[in-house]
Amino acid sequence: VQLQASGGGQVQAGGSLKLACTASSNAFGAYALAWYRQAPGSQRELVAFISNLGTTIYTDSVKGRFTISRDNVKKRVYLQMDSLIPEGTAVYYCNLGVYASGDYYPNEDSWGQGTLVTVSS
């Protein structure tokens, strides 16, 4: 599965960006989708995911500010990021995986190339 992320850029604190990721999978609608991010010197962390039925889960630090959504026709997943803070500076990756028992299980073979988000104070 190939994933192509886009929409990153530079923004001032308090600003907004919308990331998009297009997947090549023919079974796109059957999978859960997630956004991860990796800040310099840090491990990759799960930001949000959406199940195949539309259930959404967010990490605590982005609740109320980020919104994940999906378009199964266009085979895209989005991440609307509002009220951005400098700690949100990272490379953001999308992933196509599985949602089961309340958790997201990434497909390690389906990482996109990432898109850089830089938030200045």
Side-chain angles (χ1 to χ4, degrees):
V1 176
Q2 291 186 334
L3 298 167
Q4 182 77 28
S6 62
Q10 289 187 322
V11 64
Q12 288 191 327
S16 299
L17 283 174
K18 186 173 185 178
L19 307 183
C21 176
T22 303
S24 63
S25 173
N26 289 328
F28 180 88
Y31 290 97
L33 299 154
W35 286 96
Y36 286 72
R37 65 187 177 189
Q38 187 167 19
S42 299
Q43 291 187 332
R44 189 175 297 181
E45 66 165 342
L46 178 63
V47 175
F49 69 84
I50 183 167
S51 75
N52 61 322
L53 297 180
T55 299
T56 57
I57 301 290
Y58 300 89
T59 192
D60 286 346
S61 63
V62 307
K63 284 180 181 177
R65 300 187 297 117
F66 289 13
T67 304
I68 188 171
S69 60
R70 65 189 293 163
D71 185 329
N72 289 342
V73 175
K74 294 182 178 180
K75 297 184 181 180
R76 289 181 183 166
V77 59
Y78 302 96
L79 186 68
Q80 176 67 45
M81 305 186 295
D82 298 318
S83 303
L84 282 161
I85 60 177
E87 291 77 9
T89 295
V91 177
Y92 284 72
Y93 299 88
C94 53
N95 183 269
L96 183 148
V98 175
Y99 170 63
S101 302
D103 289 323
Y104 179 81
Y105 298 89
N107 180 341
E108 296 297 339
D109 294 327
S110 72
W111 295 104
Q113 87 288 357
T115 185
L116 176 63
V117 172
T118 304
V119 185
S120 58
S121 57

Quick one: does [X]'s side chain get under 4.5 Å of [Y]'s, heavy atoms only?
X: R37; Y: V62; answer: yes
X: N26; Y: K75; answer: yes
X: N95; Y: S110; answer: yes
X: L33; Y: F28; answer: yes
X: M81; Y: W35; answer: no

Look up atom [atom1] in [X] and atom [atom2] in [Y], then write down how far apart they are to the nearest 0.5 Å.
X: Q12; Y: S121; atom1: CD; atom2: OG; value: 9.0 Å
X: E87; Y: S42; atom1: CD; atom2: OG; value: 11.0 Å
X: L84; Y: Q10; atom1: CG; atom2: CD; value: 13.0 Å
X: S69; Y: K18; atom1: OG; atom2: NZ; value: 5.5 Å

Could you tell me which non-hydrogen atom of [X] sits nearest to which non-hydrogen atom of [Y], and how far apart they are?
X: C21; Y: L3; answer: SG-CB, 3.9 Å
X: V119; Y: T89; answer: N-OG1, 2.9 Å
X: D71; Y: V73; answer: OD1-N, 3.0 Å
X: G7; Y: T115; answer: N-OG1, 4.0 Å
X: L116; Y: A90; answer: CD1-O, 3.6 Å
X: L96; Y: Y104; answer: C-OH, 3.3 Å

Query raised in the report: Where does the angle between the aromatic ring planes of F66 and Y92 fall among parallel (under 30°), tilted (30 to 60°) and perpendicular (over 60°)?
Result: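 Tilted, since the angle between the ring planes falls between 30° and 60°.
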Requested in this report: Taking salt bridge (Lys or Arg N to Asp or Glu O under 4.0 Å) as the test, write out the residues that go with D60, two or more places apart.
Outcome: K63
Donor-acceptor pairs are to be reported for all side-chain atoms of residues 46-56 against protein atoms at under 3.5 Å, with residues two or more places apart or in another chain.
from: S51; atom 1: OG; to: L53; atom 2: N; distance (Å): 3.2
from: S51; atom 1: OG; to: G54; atom 2: N; distance (Å): 3.2
from: S51; atom 1: OG; to: T55; atom 2: N; distance (Å): 3.0

With hydrophobic residues grouped by side-chain heavy-atom distances under 4.5 Å, do [X] and [Y] end up in a single group?
X: I57; Y: L79; result: no
X: V91; Y: V11; result: no
X: L19; Y: Y78; result: no
X: V77; Y: W111; result: no

Query raised in the report: Does a sphere of radius 6.0 Å around CD in E45 hold more than 12 heavy atoms from other residues, nucleotides or ligands, not counting ones at 6.0 Å or beyond?
Result: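 More than 12 heavy atoms, drawn from other residues, nucleotides or ligands, come within 6.0 Å of this atom.
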Requested in this report: Answer yes or no: are there more than 12 heavy-atom neighbours, outside E108 itself, under 6.0 Å from its atom CD?
Outcome: yes
Query raised in the report: Short question: side chain of Q113, backbone of Q4 - any donor-acceptor pair under 3.5 Å?
Result: no
Query - R70 charged N/C atom sitting above Y31 aromatic ring, 6.0 Å / 45° - result: no
